[in-house]
Amino acid sequence: MSYVNQSLQKKDAMALVTGQPVYTDDLAPKECLIIKILRSPYANAWIEEIKTENAKKTDGIACVLTWEDVPKKRFASAGQTYPEFSPYDRLILDQHLRFVGDAVAIVAGETEAAVDLALKRIKVKYRVETPVLDMHTAKDNPVLVHSEENWESKFPVGADNKRNLAAKGHEEMGDIDAVLASCKYTVDEVYHTKADQQCMMETFRAYCTKDHFGRLNVVASTQVPFHLRRILGNALGIPSSKIRVIKPRIGGGFGAKQTEVCEIYPAIVTWLTGRPSKIVYSRHEALICASPRHEMEVHVQVGADENGIVKGIKVEALSNAGAYGDHSPTTVGLTGHKAIALYRNLEAYNFDYEVVYTNVQAAGAYRGYGATQGIYAVESAVNELAHKMNMDPARIRELNMPVEGERMYDYDGNLTHTASCTMDRCLARAKEMIGWNEKYPCRDMGNGKVRGVGLAMAMQGSSISNVDVGGATLKLNEDASYTLSLGCADMGTGCDTILSQMAADCLETEFDNVVAFGVDTDVSPYDSGSYASATTYATGNAVINACSELKKRIIKVGAGMLGVDAEEAEFDGKRVYAGDKEVSLQEVAYKGTCGNTQELQVTTAFSSKISPPPYMIGAAEVEVDKETGNIELIDYVAVVDCGTPINPNLARVQTEGGVSQGIGMALMENVQYSKEGKIRENSFMQYKIPSRVDIGNIRVEFESSYEKSGPFGAKSIGELVIDTPCPAIADAVYNASGVRVRELPITPEKVAMGILKAQLEGENHK
């Protein structure tokens with residue numbers, strides 16, 4: 001291959017580094033109405049009266065909308081599939097306000113100053129009620145987050161609004177209690193992960209216009225353009241054919257933009273007024289009314305025999321949906337499936353889950369999508385099991401990890417066999433890179449500081465089997481260049497680049513001869529969107545299919561020009577030839593524009609019945625100050641099997657970014673609420689994310705397998721890479737300090753108090 005497996009520069013790199021206007025707000029027309037939202041100061045309240053007359057009289061105000069002015073049709077805002085797994089529990093504006101930050105009114109005006117003044121002039125009389133803020137007491141609580149009769153769950157996910165349940169399920173294989181009872185060693189612990197914010201650089205934003213056909217044009221920073229079109233149509237009560245969604249460059253998403261967060265507001269304003277409008281969330285809004293990771297409490301029971309063979313795993317997950325059920329049924333599914341499937345020798349497993357409504361900010365999709373929480377819990381439990389057995393945690397993985405050709409359980413709990421997998425090589429290399437044999441479990445540095453190491457393994461998936469669809473349209477242009485139209489969303493991942501690399505190799509042309517452009521739902525092929533690690537695998541296969549079909553058409557046209565049958569002709573990327581006769585691709589391209597009935601353009605799609613997992617080993621070295629509890633991450637190594645890395649540099653950057661986010665989740669990121677339901681961490685002054693000085697040394701290597709079903713042997717990587725830091729760092733901290741922290745983040749205070757508690761218990765024992 002000339003381009004696949006090569007570290008080519010991203011196609012949009014120069015535009016980005018030279019500051020060209022490529023993002024949503026850069027492209028918005030200057031005449032856009034400015035939109036802002038009046039937000040609820042209460043976690044659970046009803047609007048008894050809202051007075052907007054003075055606000056409407058403010059100079060420069062175009063409209064003020066309340067719950068009385070918008071459609072009353074409930075919709076789901078999670079962009080995934082249809083029918084949506086998430087409950088239909090939202091309105092554009094609702095009389096019932098369910099969290100601090102919920103939308104009360106929409107104000108649109110000529111200037112920001114006018115809108116700010118109008119917001120102050122709106123007078124609201126609230127009936128404040130007691131909120132339910134604790135997920136442990138939410139189920140069957142007398143306080144109902146959703147008491148409305150038109151609440152609806154279109155898919156059987158165990159949701160019941162009269163019980164505050166957004167989802168509930170049970171899965172099992174074998175007799176888990178009997179298997180655990182037979183195990184010589186068991187661990188039974190509960191692990192708690194908090195909500196985490198995606199903190200992408202570009203906050204939520206969108207602008208809308210109406211075209212001369214009266215259609216709504218939506219330009220949005222979204223990961224799911226086609227799903228967004230459907231969601232907006234449902235919310236507005238208009239056909240999707242009247243909506244066009246265009247995705248410009250995205251300044252990061254990490255799952256946050258897999259939910260319709262802000263687009264409905266300019267959509268309703270433009271639909272009602274006919275005027276262009278835009279909304280740009282402040283960082284404050286992006287922290288209090290967005291779509292963070294689901295808080296979860298995961299109870300794990302795991303058992304092994306005297307040889308270290310893990311025979312049974314029981315997982316019980318409690319997930320906090322917040323005020324709305326976006327992504328709640330699907331995220332929690334991965335909590336059990338991706339963690340349990342890591343252990344190939346199971347004789348039984350059990351997975352129970354409940355997702356509850358509470359009066360806090362609604363959760364949504366975040367990189368790792370529920371697997372992050374489950375893998376943290378199960379891998380931590382297995383680390384504890386290894387310590388209980390006096391076994392090296394690396395050794396217990398060697399005995400139980402996925403091995404190519406050996407059995408494993410897929411997402412639906414079906415027994416299958418591992419296809420492409422180099423987890424064993426990943427572990428061996430990670431141990432070598434971190435110096436495991438020399439450093440495990442810890443080293444006293446002689447100055448009150450101790451260094452410890454820890455590791456974990458993870459797997460994810462490559463698209464959602466039987467759900468996700470990748471699409472590609474490929475056209476030969478008259479100058480012999482190719483246009484690649486994509487329906488997936490490049491949000492900084494470089495998918496436009498890697499898909500062009502695939503196309504260039506398939507077509508045997510120059511990389512720069514392939515022009516890729518992003519999503520316009522009017523002209524782009526249907527694609528589920530950029531989430532669930534779908535792009536490389538699903539859309540990549542669609543691109544290969546498109547190239548194969550277009551080559552056939554090029555050969556057919558060229559053969560006709562040569563006066564031979566298509567079966568006699570061949571194509572080498574520059575010419576169609578048969579024997580000593582040939583026509584150039586340029587001539588074929590010209591022929592495609594005149595006097596030709598064979599279209600030199602194809603659209604193909606790809607959907608898979610399988611989701612081949614990528615695999616990863618992560619190993620951390622931390623230094624703990626035993627006097628203060630301070631934790632310094634010294635080194636983190638990540639060894640990944642994503643099949644063939646299409647662009648190794650981009651795959652490495654993806655890995656480094658995911659590891660950094662996992663480090664933040666492990667050590668510092670924390671969403672907390674006051675007793676009134678207000679988020680305490682509502683700016684970057686309070687919400688700490690890792691800076692460059694916090695993440696130590698991150699080193700990434702690849703141990704490539706070859707996935708036969710993937711494009712050029714590739715699997716996807718985007719979700720996987722956030723999954724190992726939490727359990728690896730937690731065990732490294734334990735090895736260094738003797739303190740086992742089971743609630744994230746692992747802060748110096750928790751470690752220091754744990755050390756002090758151990759000292760006091762030791763003195764009391766004496």
Would you sort out whether Asp326 and Ser86 count as a side-chain hydrogen bond (donor to acceptor under 3.5 Å, both in side chains), showing the intermediate values? CA-CA 5 Å; Asp326 307 323; Ser86 303; 5.4 Å; no

In this structure, is the centre-to-centre distance between the rings of Tyr526 and Phe226 below 6.0 Å? yes

Looking only at the aromatic ring of each residue, does the gap between the centers of Phe351 and Tyr353 stay below 6.0 angstrom? yes

Test Ser221 against every option in Lys247, Glu263, Lys257, Arg205 by the side-chain hydrogen bond (donor to acceptor under 3.5 Å, both in side chains) rule and name the one that passes. Lys257

Output, in order, the C-alpha distance, side-chain angles, deciding distance and verdict of side-chain hydrogen bond (donor to acceptor under 3.5 Å, both in side chains) for His192 and Glu295. CA-CA 8 Å; His192 187 189; Glu295 176 191 15; 2.7 Å; yes

Answer yes or no for Arg74 and Tyr88: cation-pi contact, defined as NZ/CZ to six-membered ring centre under 6.0 Å and angle to ring axis within 45°. no

Check for me whether Lys678 meets the cation-pi criterion with Tyr673, that is, NZ or CZ under 6.0 Å from the six-membered ring centre and within 45 degrees of the ring axis. no

Determine whether His294 and Tyr366 satisfy the following criterion, ring pair (Phe, Tyr, Trp, His ring centres under 6.0 Å), listing intermediate values before the conclusion. CA-CA 8 Å; His294 289 76; Tyr366 187 175; over 10 Å; no

Could you check Asp723 against Thr372 for side-chain hydrogen bond (donor to acceptor under 3.5 Å, both in side chains), going step by step and ending with a plain yes or no? CA-CA 5 Å; Asp723 288 337; Thr372 310; 2.8 Å; yes

Fit a plane to each ring of Trp46 and His96, take the angle between them on a 0 to 90° scale, and name the class: parallel (under 30°), tilted (30 to 60°) or perpendicular (over 60°). parallel

Angle between ring planes, Tyr357 versus His146, binned at 30° and 60°: parallel, tilted or perpendicular? tilted

With sequence neighbours left out, what residues match Glu669 under salt bridge (charged side-chain N to carboxylate O under 4.0 Å, His left out)? none

